[in-house]
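Let me begin by presenting the structure, written as structure tokens, before commenting on it.
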Amino acid sequence: MRYGLALILYWLAAPPCFASNLHVVVVLSDNTRAYQTFATRYLASLPPQINARVLQSAENLDLTDTDFIVTVGTPASLSIFSQTQLPVLATMISSQSYFSLLKLRLKGSQTTAIYLDQPSIRQIHFLQAALPKLHQVGLLYSNEPAITPLKNTFKNNGFTVHSLPIEKESRLFDSLESILKSSDLLYAIPDAGVYNNRTIANILLSSYRLGVPIVGYSENLVKAGAVCGLYSTPEQLAEQAAFLSINFSKNKTFPGAGYPSEYSISINQDVARSLGIVFSSIEEIHTKVEKDESK
Amino acid sequence: MSILHRQQYLLTFTLSLTLHLAYAQTSDDSNFFEELPIVLSASRLSQPLSEAPNAMTVIDRNMIVASGFRNIPDLFKLVPGMYASYYQSSQAIVAYHGTTDEYARRMQVMIDGRSIYLSPANTVDWANLPITIGDIERIEVVRGPDAASYGANSIQGVINIITRDAGSLDGKSLSVTRGDKGINDIATHFGKRGEDYDYRMTVAYTADNGYDNLSTVPNNLPQNSSQLLNNSNDSNQARLLNYKGSYHPEGADRYDIGFGFNHDILGVGFNDKNPSLASPFKTNGDTMHDLISNGSFIALGWVRALDNADELSLRYSHTRLDQSETLSVYLGGVLFPNPRAPLPVVQSTQTNRDDIELQHTVHTSPTNRIVYGAGYRVEQDSGQSTLPPLHLNFSSSFTTNEFRIFAHDEWRFSPDWLLNGGAMSERSRTGAQNVSPRVALNYHLTPRDTFRIGSSVAYRDPALQETNASNPKTQPGVLMVMSQTVTSPGLMPERMLSREIGYIRQFETGTLDLRVFSDQLTNGIFLSNTSQLLNGLNGNYRGIEATFKHRFDDKNDVTFNIAHELACSNGAALVASGQKVLTSSYPLNSDILSASTPNYTASLLYTRQMEHDISLNTSYYYQGSMQPFDRGVLDYQPVEHRIDVRIAKAFQGVYGLKGSLALVVQNVLNQAYTEYIATSLFNRRSMVTLTLDL
């Protein structure tokens, strides 16, 4: 929303400040619907002075007359990072993946990113605003190093963390039941070793049976049965990417990589009601998160 | 290989390894937008009390374990105002609002949405359920009529038993119970959660010897009631299995399958009417013998999750119950079979039911949800009776069908108001067309305080046993072979009009659920002087019910239920008009309906978790005095007090084993009380259960 307004103002008031036509190549990882949605919204958000063409994959890459590249999704970044020294704006990539791939980038190349994941402190503020009475947080993970900063953030903000590693998917449900018995919410993280299409039905059913709500990391997880979640949509990420692209056309530089500025909150009211959880309105939660974040 | 080549090779290898590792670490990014099936859809979510259109009691798994009960019908002692008693050991009677007769048939009972009310009596054979108490996830009991959702037979309430999900168990467990009264149970539960298919299965054997043979007369009855002595033949043995599977491939569809079987041998009959020296010419058509039952079912379901949390479901079930009995009878003091007439009485019945239902749940807006659908049922009932002493053979066979359509709307027209309205239209097996509407308004005064006001109309279609009485009228044994011709023509459905006001308060540490109600029965069916069944019994039930749950801390909680109920009817007026059958057996109350309704019932369940994985559960049950509706004064039930205690210790690592050991003592103070009949004297009994997770 914020970027949508900014983009309109740019369109109306500032055509002279654009340099001559800028050429952008948008490289998608594949034809996943989320990537397509991103590309559509990104193109729609650009002013006419920025010419963008969308490539459905990094194959047969032609970067002639290109000013910078927007990679959409981690596989696209993986392919592009080592191929060109052109500036790259990586999108729809998690912070963890971005740091892993950054070492592949050729020296001196200008690179930035809008992460896909949310900053831990924002998620903490979200839990405090949405479920203020729940402090026993359950965490399941398959990647220990990735989870440590999140655990520390929880602990530093008054939460008690109950966590268990999942070394084998076959042991998932023993750990899950143990965690659910000691936690009053299960905080799901985007870890394919734990949460995936094969496991999600039984995770949601087990947690529901024990009356423990799951806080999700995506809109689809909230629809599937998580009680609530905070995430950025492809549209929001695309608008932020368009904003950075317009800035690049003026300054020829990108800011440092960062988390999404815009995000959405959703609540599965059917699940909430069934579990006896009463939420404030989404607007109230959103306002409180923003207020806490600005402190 | 030259040094240069080796360096190039090493560089290439390192780069590709780095890329591979990097990609491996980043593959989780797709999780953010991964399409996921809607798992917690409408059919899987239980409705919170404050949102429900009627009063509801939920008995969850923790309560089931804490109660220490071994028999499923006993669990209903935890429902305010409900009557759970026994004709003989395993012939349970579960009733509500004074329908305390052998064929309590005014409540609908379902297992996973499959009605287990069966013809010809339209009652539930609790001894024949193909599930153990350990298979139950929770029980939702609707207190009050709910024909709008559940159709005929639910004019006083609905019991919805929900068994554990197919994916609720990943592994094996073995449970062995030994106790007084020949209690000897063994059950194995095993299950597997798979990527796209989950299943669980139970194989069990349960046995007991029923109640003790009485050696003294109970309830301070006069000694001429010595017919109660040594008159108990109520052992029970059940061998059962059940299976529940769920196939949930990636995507929106879920396919469920369930089947079960129960082979039951139940001791029935009495010897008090056998000829004796004092009365050598007595007739006893129900001597002690075994009733053999084979019950089975198969249930298939398809559920499709649609956009916007909508859902489409199609369910089919087939239920079958075959019963048979072979018995001796005394006819005018002569025992049959005998050397001159060597054939015994043999009777058998078969009931088959097929039921299919399609249901669509659709959200027309974020604040409005509609559930509508249709169902069709075909039922076949047949029976054969061979009565050599009378040189008679009888048989009959019926095929009936029922059709229903229903629709409900749940409209949250403001954040604080919820309006529920709906109706079911049924064409019953007798051809009657009944429309059962319901409307309820819930108002959330605060997020913690909810008021509910509701009214509904429900009908109960006459049972086959009521329209077509058994043939002959004094049929021996316990099975009923119905007359092929209608014996009570013109019998109409019973009608119940229910009105209630409820209040639900959610505390930080518990809930209070309170309601006052008035249920008005008209066209009630009763047995007339001519043995024909007639409409005309009218009654009114008024009362107050409350459930209070309180959690003292993480380790201590209590549930308390109480009900106060007053019933009145035109029973006395019908008696005055000549219908002597409705004469109240209890001399101090001439209203048969009022006398059969205990004025007060209460229960309390306290749970305490202690150190060293020890848990202590104590429960108390109270039932005011009452006269069972269709029994004589001999079976008058005085006030009942009962305290049960369960103490359990969970263990892990003892000889590498994990499990628990539990001791249950029922009626620990041995305040013996009689159940539905005076020969069923419930005295202290104890049992030990060892459970191993394998």
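Sequence lines set the chain letters: A, B, ... in the order given, protein chains first and strands last, and positions in each chain run from 1.
- For a residue to count as touching a neighbouring chain, one of its non-hydrogen atoms must lie under 4.5 Å from one of that chain's; by this rule B:Arg61 does not touch chain A.
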Next on the checklist: Run B:Tyr503 and B:Phe451 through ring-ring contact (aromatic ring centres under 6.0 Å, His included) and show every step you take.
Outcome noted: CA-CA 5 Å; B:Tyr503 169 67; B:Phe451 287 92; 4.9 Å; yes
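- Between the side chains of A:Ser100 and A:Ser97, no donor-acceptor pair of N or O atoms lies under 3.5 Å.
- For the side chain to side chain contact (heavy atoms under 4.5 Å, CB included) test with A:Thr91, the passing option among A:Leu116, A:Leu237, A:Val70 is A:Val70; the others fail.
- Side-chain contact annotation: B:Asp198 with B:Ser246, donor-acceptor N/O pair under 3.5 Å absent.
- Heavy atoms of A:Asn202 lying under 4.5 Å from chain B belong exclusively to its side chain.
- Contacts of B:Asp554 with chain A are absent, with no heavy-atom separation under 4.5 Å from either backbone or side chain.
- Residue contact with chain B, scored on non-hydrogen atoms closer than 4.5 Å, involves the backbone of A:Ser232 exclusively.
- For A:Glu177, the part sitting under 4.5 Å from any heavy atom of chain B is the side chain, from C-beta outward, and nothing else.
- For the options A:Leu204, A:Leu205, A:Thr32, A:Val271, heavy-atom pairs under 4.5 Å to chain B are most numerous at A:Leu205.
- Checking B:Asn368 against B:Thr364 by side-chain atom types alone, a donor-acceptor pair falls below 3.5 Å.
- For residues 209-219 of chain A, every residue pair satisfying the salt bridge (Lys or Arg N to Asp or Glu O under 4.0 Å) rule, not counting sequence neighbours, is listed here: A:Arg209-B:Asp165.
- Checked by atom type, the side-chain pair A:Gln136/A:His162 shows a donor-acceptor distance below 3.5 Å.
- Neither the backbone nor the side chain of B:His444 comes within less than 4.5 Å of any heavy atom in chain A.
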Checklist entry - After noting the C-alpha distance and the side-chain angles of B:Glu51 and B:Arg412, does the key distance pass the salt bridge (charged side-chain N to carboxylate O under 4.0 Å, His left out) rule? => result CA-CA 10 Å; B:Glu51 303 276 330; B:Arg412 205 174 299 278; 2.9 Å; yes
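- Checking B:Thr163 against B:Asp135 by side-chain atom types alone, no donor-acceptor pair falls below 3.5 Å.
- For the 3.5 Å distance criterion, the side chains of A:Ser261 and A:Gln240 qualify, holding a donor opposite an acceptor.
- Applying a 4.5 Å heavy-atom cutoff, the residues of residues 221-229 of chain A that approach chain B are A:Leu221, A:Lys223, A:Ala224, A:Gly225.
- For a heavy-atom cut-off of 4.5 Å, chain B lies close to A:Arg273, A:Ser274, A:Val278 in residues 273-285 of chain A.
- Annotation: side chain of A:Leu140 is in contact with side chain of A:Leu164 (closest heavy-atom distance under 4.5 Å).
- For A:Tyr217, the side-chain hydrogen bond (donor to acceptor under 3.5 Å, both in side chains) partners at least two apart in sequence or on another chain are B:Asn31.
- In this structure, a donor-acceptor pair under 3.5 Å is present between the side chains of A:Thr111 and A:Arg105.
- The shortest distance between side-chain heavy atoms of B:Asp409 and B:Arg369 does not fall below 4.5 Å.
- The two atoms that bring A:Ala90 and A:Thr71 nearest to each other are CA-OG1, 3.1 Å, heavy atoms only.
- Of the residues considered (A:Tyr195, A:Phe81, A:Tyr231, A:Tyr208), A:Tyr208 shows the highest number of contacts with chain B, using heavy-atom pairs under 4.5 Å.
- Top candidate by heavy-atom pairs under 4.5 Å with chain A, chosen from B:Glu34, B:Glu137, B:Arg193, is B:Arg193.
- For B:Ser50, no part lies near chain A; criterion is any non-hydrogen pair under 4.5 Å.
- Heavy atoms of A:Asp117 lying under 4.5 Å from chain B belong to its backbone as well as its side chain.
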